[in-house]
Student: 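Below is the structure I would like to discuss, written out as structure tokens.
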Protein chains: 2
Amino acid sequence: MHAELQLKNQICFRLYTAARLITQAYTPVLTALGITYPQYLVLMVLWEDDNLPVNDIARRLVLETNTVTPLLQRMEKQGIVVRKKGEQDKRQQIVSLTDKGKQLEEEAYAHIPESMRNQLSACPLNLDDYMNLANELDSIINTLKK
Amino acid sequence: MHAELQLKNQICFRLYTAARLITQAYTPVLTALGITYPQYLVLMVLWEDDNLPVNDIARRLVLETNTVTPLLQRMEKQGIVVRKKGEQDKRQQIVSLTDKGKQLEEEAYAHIPESMRNQLSACPLNLDDYMNLANELDSIINTLKK
DNA sequence: TACATTTGCATCGTGAACGATATAAATAGA
DNA sequence: TCTATTTATATCGTTCACGATGCAAATGTA
């Protein structure tokens, strides 16, 4: 019985579980908007900076392009984004929001923050705890991101 | 531009990213052992308590059986576990470690904690920070787990 | 300029997650 | 006891992640 190999001592298992559960908490609102959580992440990037090549989106989400490309293909099929070949660099695919993709921002703003506040209202963490958590997660992310 | 909808303000995105990156950090060692991270989680459960029904394993990992069943089927195919129909309750599948599955505990103990310590050695968090992080994650998990 | 290397994206295969559905065994209630 | 409900597990379809590979455009170098 090695303490290092017990679930209850694993930060990674906690991260894995917390990430799954909080993504599940997003699912009902996102489903009402017709999108998934990774698609929501792509939209947050594009709401902040539209007309980005696949590479930039992947870099901001700390994902590989072989994850993002199929994601964008599904989003294009749903009419949320369009992809156009880059003009200076013809290898690039420039991803842009459609009107539908832009409208989703207002719907997201209207429902998502409130829904998440409700679902986490019973959580004993206060604002300082969340900022602390954010900093600790950033430390781990920056250490492991190459 | 809604601050609530920016990536840099999202705890969920941080959790999602940190979980992915730390799982990736496990991958090289686990690949050498011939297993994946979710399979390692199943093994940690069985190393602590062998001969469990699918349901118990799923509950401890906060997963559904429709995730765990295929996982166990792959592990059985690799000769790490065996599944036998329950004797009192014939609906149950009792999952047990094979010799190979038991041996993996020593190999895991020999390599995994050291590898993770190395990879996180540049991380500025100290032991108190990690315990704090564990508590904060437990708060979120317990709030969202039904 | 000619060729090698790098870069940007796409495709393929595998293993998760998970909602929805199915099936058999166990349990509850009339 | 007989039927209805619940429980334990399995199956199916879709979407991610991600390693490996492929290809064309761009860049570097002799």
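Keep in mind that this is a model prediction, so the values were computed, not measured. By convention in this document, chain letters (A, B, ...) are assigned in the order of the sequence lines, proteins followed by strands, and residues within each chain are numbered from 1.
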Student: Could you tell me the separation between the CD atom of A/Q93 and the P atom of C/dG8, rounded to a whole number of Å?
Tutor: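 So the CD-P distance, A/Q93 to C/dG8, works out to 14 Å.
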Student: Identify whether any heavy atom of A/R83 sits under 4.0 Å from a base atom; if not, whether one sits that close to sugar-phosphate; answer base, sugar-phosphate or nothing.
Tutor: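 Counting heavy atoms under 4.0 Å across all strands, the contact made by A/R83 is with sugar-phosphate only.
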Student: Go through C/dA26, C/dC18, C/dA10 for me and flag the one nearest to the B/K90 side chain.
Tutor: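 Of C/dA26, C/dC18, C/dA10, C/dA26 is nearest to the side chain of B/K90.
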Student: For A/T27 and C/dC18, is the shortest distance between a side-chain N/O and OP1 or OP2 below 4.0 Å?
Tutor: no
Student: Given that A/K85 and A/L71 both sit by DNA chain D, which one's nearest nucleotide is further toward the 5' end?
Tutor: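 Its nearest nucleotide lies further toward 5', so the answer is A/L71.
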Student: Side-chain N or O of B/Y16 less than 4.0 angstrom from OP1 or OP2 on D/dA17?
Tutor: yes
Student: For the NE2 atom on A/H2, are there more than 12 heavy atoms of other groups (residues, nucleotides or ligands in this structure) within a distance under 6.0 Å?
Tutor: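 Enclosed: over 12 neighbouring heavy atoms sit under 6.0 Å from NE2 of A/H2.
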Student: If you check every side-chain atom of B/D89, which of D/dA8, D/dA10, D/dT11 has the closest atom?
Tutor: D/dA8
Student: Heavy atoms only, 4.0 Å cut-off, all strands: where does A/E64 land among base, sugar-phosphate and nothing?
Tutor: nothing
Student: So does A/R20 get a side-chain nitrogen or oxygen closer than 4.0 Å to the phosphate oxygens (OP1/OP2) of C/dA16?
Tutor: no
Student: Picking from C/dA17, D/dG19, D/dT9, which would you name as closest to the side chain of A/N66?
Tutor: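 In terms of side-chain proximity for A/N66, the closest of C/dA17, D/dG19, D/dT9 is D/dG19.
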Student: Using only modelled atom types and a 3.5 angstrom limit, is any donor from either the side chain of B/R91 or the base of D/dT9 paired with an acceptor on the other?
Tutor: no
Student: If only side-chain N and O atoms of B/Q73 are considered, is one of them under 4.0 Å from the OP1 or OP2 phosphate oxygen of C/dG15?
Tutor: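 B/Q73 to C/dG15 OP1/OP2: no side-chain N or O under 4.0 Å.
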Student: For D/dA25, take OP1 and OP2 only and decide whether either is under 4.0 Å from a side-chain N or O of A/Q88.
Tutor: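 A/Q88 to D/dA25 OP1/OP2: no side-chain N or O under 4.0 Å.
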Student: At less than 4.0 Å, is any side-chain N or O atom of B/T69 found next to OP1 or OP2 of D/dA10? Yes or no.
Tutor: yes
Student: For B/T36 and C/dG15, is the shortest distance between a side-chain N/O and OP1 or OP2 below 4.0 Å?
Tutor: no
Student: Can you tell me how far P of D/dT15 sits from CD of A/E76, to the nearest Å?
Tutor: 15 Å
Student: Relative to the ring of A/Y40, is the ring of A/Y26 parallel (under 30°), tilted (30 to 60°) or perpendicular (over 60°)?
Tutor: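 Tilted.
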Student: Starting the side chain at C-beta, find the nucleotide from C/dG15, D/dC18, D/dT9 nearest to B/R74.
Tutor: C/dG15
